[in-house]
Amino acid sequence: MAVLIVLLGPTGIGKTDISIQLAKKYNAPIVSSDSRQFYRELKIGTAAPTEKETKEVEHFFIGSHSILDNYNAGQYEEDAINLLDELFKKHNVVILVGGSMMYIDAVCNGLDEIPNVPTEIREFWQEEFKNKGLSHIQQELFRLDPKHYKEVDLKNPKRILHALEICLTTGNPYSDLRTGKKKKRNFEIIKIGLNKPRQELYEQINLRVDKMIEKGLMEEAKQYYPFKNLNTLNTVGYKELYAHFDGEITQQEAIDLIKKNTRNYAKRQLTWFNRDKEITWFHSKDEENIFQTIDFRLKDKK
RNA sequence: GGGCAGAUACCAAAGUGGCCAACUGGGGCUGACUGUAACUCAGCUGUCUUUCGACUUCGGAGGUUCGAAUCCUUCUCUGCCCA
């Protein structure tokens, strides 16, 4: 029986470490569901697994893309599922590790079929928003997709813009495509969540950011400064440094901001994960119990 | 020792007799989120209460006043200046 062990949790909790132990134990390859570790240019700032680690255990979706690529959760779903089909031919167990909430859900539950948006359409709505404001795009959404207008967070421009993009791309209301249906996968899923008391998590995050700076995050970020406007670089650890390079804030302010934004991100991850009742949670240091539980659940599946 | 300035909620910082449980920012907490998602967005942040509302607060003590974070006296502490 093919089993996907999903190891998730907030950033900085220690997922990489445990994933490698699990991989060795079950002779399982690791598939990343970290939407920023996909990018080979972002190593230090995403705390990507080291070369040593990726040699020890087979990893996928680590450094698989460039920040110049246009990648998204929908494509990831397709790519990841195809990959898993291949991997399960040779392995009984595969490990999915990462903290990108929607990407994990894409693999476990699937996303609706939504076409990619042409650049011109994306830019068109962005201009509309920039020039005419939020209320204008709200009205446009009301006109093009009244159903979604009622459901969407009307104060959130990104969500409205996305809906409008799809309306214009397909010629139909976005809500027509939103089924919310869960896809059936041909593998079993065991979801393991890693967490620890908030204060400890935050301290660990703060420390990790300092270490990233020591390891040369400034230099790494500087290398891609010319691309700072890319969405892929709208990432904690980089955007703050670009604000510093632009002279908006001091270096220390940038570092403190990275810490804060990472903490806030961790909290957002936890909020998302808390909705998922399939997750079995463990203290991140409670390795014995984690391994035991997984062992037990694996036997159960056989 | 003398002079001046200041002490407000977790922090910073407004308020200078009633519209003040107290602007605002930070931080924190809680939440939303099916596609650019490490994005983006929302609510809360004195206590009790689901709400209405009730109660206790603005360094301490005392006083003036119908009424004080705001005025007076005094004490404590902090900063600056003169010795």
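Just so it is clear: chains get the letters A, B, ... in the order the sequence lines come, proteins before strands, and each one is counted from 1.
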>> Can you confirm whether the side chains of Thr50(A) and Glu53(A) place a donor and an acceptor under 3.5 Å from each other?
In response: yes
>> Salt bridge check, Lys260(A) against Glu240(A): does any charged N sit closer than 4.0 Å to a carboxylate O?
In response: no
>> Using the rule given for side chain to side chain contact (heavy atoms under 4.5 Å, CB included), can you reason through Phe282(A) versus Thr293(A), listing the C-alpha separation, both sets of side-chain angles and the distance that settles it, and then say yes or no?
In response: CA-CA 10 Å; Phe282(A) 293 92; Thr293(A) 303; 3.3 Å; yes
>> Donor-acceptor pair, distance only, cut-off 3.5 Å: does the side chain of Glu77(A) make one with the backbone of Leu111(A)?
In response: yes
>> Checking the side chain of Lys259(A) only, and the main-chain atoms of Val209(A) only, is there a donor and an acceptor separated by less than 3.5 Å?
In response: no
> Phosphate oxygens OP1/OP2 of G27(B): is one of them under 4.0 Å from a side-chain N or O of Lys260(A)?
Replying inline: yes
> Closer than 4.0 Å, any side-chain N/O of Lys259(A) to the OP1 or OP2 of G27(B)?
Replying inline: no
>> Please report the distance separating the C1' of C52(B) from the corresponding atom of A14(B), rounded so that it comes out in whole Å.
In response: 30 Å
> What's the OH-C1' distance between Tyr39(A) and A37(B), to the nearest Å?
Replying inline: 11 Å
> Is a donor on one side and an acceptor on the other found under 3.5 Å between the side chain of Tyr238(A) and the backbone of Gly45(A)?
Replying inline: yes
> Does the side chain of Thr232(A) come within less than 4.5 Å of His65(A)'s, by heavy atoms?
Replying inline: no
> Is there a side-chain contact between Tyr225(A) and Leu241(A) (heavy atoms, below 4.5 Å)?
Replying inline: no
> Between Phe61(A) and Tyr76(A), what is the ring plane arrangement, given parallel below 30°, perpendicular above 60°, and tilted in between?
Replying inline: perpendicular
> With rounding to whole Å, what would you report as the distance between U16(B) and C23(B) at their C1' atoms?
Replying inline: 14 Å
> Just to confirm, is there a sub-4.0 Å distance from OP1 or OP2 of U30(B) to any side-chain nitrogen or oxygen of Lys267(A)?
Replying inline: yes
> Can any side-chain N or O of Gln204(A) pair as donor or acceptor with the backbone N or O of Gly12(A) at less than 3.5 Å?
Replying inline: yes
>> At a heavy-atom distance below 4.0 Å, what parts of residues 99-110 of chain A sit against RNA chain B?
In response: Ser100(A), Met102(A), Tyr103(A)
> Which whole-number value in Å describes the distance from Gln37(A) CD to A37(B) C1'?
Replying inline: 16 Å
> Who does C55(B) pair with, Watson-Crick or G-U, both distances under 3.5 Å?
Replying inline: G46(B)
> Can you list, by residue number, the residues of residues 187-210 of chain A that have a non-hydrogen atom closer than 4.0 angstrom to RNA chain B?
Replying inline: Arg198(A), Tyr202(A)
> Is the closest side-chain donor-acceptor distance between Tyr71(A) and Asn231(A) under 3.5 Å?
Replying inline: no
> Any chance the side chains of Asn82(A) and Glu86(A) put a donor and an acceptor closer than 3.5 Å?
Replying inline: no
>> Using a 4.0 Å cut-off on heavy atoms, which residues in residues 173-183 of chain A reach RNA chain B? List them by number, or say none.
In response: Tyr174(A), Arg178(A), Gly180(A), Lys181(A)
>> Check this one for me: any side-chain N or O of His162(A) less than 4.0 Å away from OP1 or OP2 of U36(B)?
In response: yes
>> Could you tell me how far U65(B) sits from G1(B) if I compare only their P atoms? Round to whole Å.
In response: 36 Å
> Mapping Leu111(A) and Lys158(A) onto RNA chain B by nearest heavy atom, which one lands closer to the 5' end?
Replying inline: Leu111(A)
> Under a 3.5 Å cut-off for both distances, is C19(B) Watson-Crick or wobble paired, and to whom?
Replying inline: none
> Whole Å only: how far is the CG atom of Asp276(A) from the P atom of U34(B)?
Replying inline: 13 Å
>> Which nucleotide, if any, forms a Watson-Crick or G-U wobble pair with A7(B), using both distances under 3.5 Å?
In response: U76(B)
> What is the pairing partner of U24(B), taking Watson-Crick or G-U wobble pairs with both distances under 3.5 Å in any strand?
Replying inline: A12(B)
> Can you check whether Asp295(A) reaches Lys25(A) side chain to side chain, under 4.5 Å on heavy atoms?
Replying inline: yes
>> We want to know whether Arg208(A) and Thr262(A) form a side-chain donor-acceptor pair, criterion being a heavy-atom distance below 3.5 angstrom.
In response: no
> Can any side-chain N or O of Glu278(A) pair as donor or acceptor with the backbone N or O of Lys191(A) at less than 3.5 Å?
Replying inline: no
> How close or far is atom C1' of C29(B) from atom CG of Leu270(A), stated in whole angstroms?
Replying inline: 13 Å
> Is Gly237(A) touching bases, backbone alone, or none of the nucleic acid, heavy atoms closer than 4.0 Å?
Replying inline: nothing
> Taking Leu194(A) as the fixed residue, which of Ile18(A), Ile279(A), Val97(A) is the one that meets the side-chain contact (heavy atoms from CB on, under 4.5 Å) rule?
Replying inline: Ile18(A)
> Rounded to whole angstroms, how far apart are CD on Glu253(A) and P on G27(B)?
Replying inline: 12 Å
> Which value, in whole Å, describes the distance between the P atoms of nucleotides G25(B) and C41(B)?
Replying inline: 15 Å
> Is there a side chain to side chain contact (heavy atoms under 4.5 Å, CB included) between Phe187(A) and Asn92(A) once you walk through the steps?
Replying inline: CA-CA 9 Å; Phe187(A) 47 83; Asn92(A) 292 322; over 6 Å; no
> Applying a 3.5 Å limit to both distances, which nucleotide forms a Watson-Crick or G-U wobble pair with A69(B)?
Replying inline: none
>> What's the gap between U36(B) and U56(B) when it is taken at their C1' atoms, as a whole Å value?
In response: 50 Å
>> Strictly by Watson-Crick or wobble contacts shorter than 3.5 Å, is anything paired with U40(B), and which nucleotide is it?
In response: A32(B)
>> Applying a 4.0 Å non-hydrogen cut-off, can you work out what Asn234(A) is touching in the nucleic acid: base, sugar-phosphate, or nothing?
In response: sugar-phosphate
> In whole Å, what separates the C1' atom of U57(B) from that of G2(B)?
Replying inline: 36 Å
> So, Glu165(A) side chain and Trp125(A) main chain: donor-acceptor pair closer than 3.5 Å or not?
Replying inline: no
> When rounded to the nearest Å, what value does the distance between P atoms of C55(B) and U73(B) take?
Replying inline: 32 Å
Hey, what are the protein-to-nucleotides 41-45 of chain B N/O distances that come in under 3.5 Å?
from, atom 1, to, atom 2, distance (Å)
C41(B), O4', Asn156(A), ND2, 3.1
C41(B), O2', Asp153(A), OD2, 2.7

>> Strictly by Watson-Crick or wobble contacts shorter than 3.5 Å, is anything paired with G1(B), and which nucleotide is it?
In response: C82(B)
>> Measuring only the P atom in each nucleotide, how far is C72(B) from U78(B)? A whole number of Å is fine.
In response: 23 Å
> What's the OH-C1' distance between Tyr265(A) and G27(B), to the nearest Å?
Replying inline: 21 Å
>> What contact category does Arg122(A) fall into here, base, sugar-phosphate, or nothing, at under 4.0 angstrom with non-hydrogen atoms?
In response: base
> For Ile160(A) and A32(B), what is the distance between atoms CD1 and C1' respectively, to the nearest whole Å?
Replying inline: 14 Å
> If you link I, L, V, M, F, W and Y whenever their side-chain heavy atoms are under 4.5 Å apart, who else ends up in the same group as Leu257(A)?
Replying inline: Ile249(A)
> Among residues 126-144 of chain A, which contact RNA chain B at a heavy-atom distance under 4.0 Å?
Replying inline: Gln126(A)
>> Side-chain N or O of Asn261(A) versus OP1/OP2 of C39(B): is the shortest distance under 4.0 Å?
In response: no
> How long is the line joining NE2 of His65(A) and P of U36(B), in whole Å?
Replying inline: 15 Å
> For the side chain of Glu128(A) and the backbone of Ile137(A), is there at least one donor-acceptor N/O pair under 3.5 Å apart?
Replying inline: no
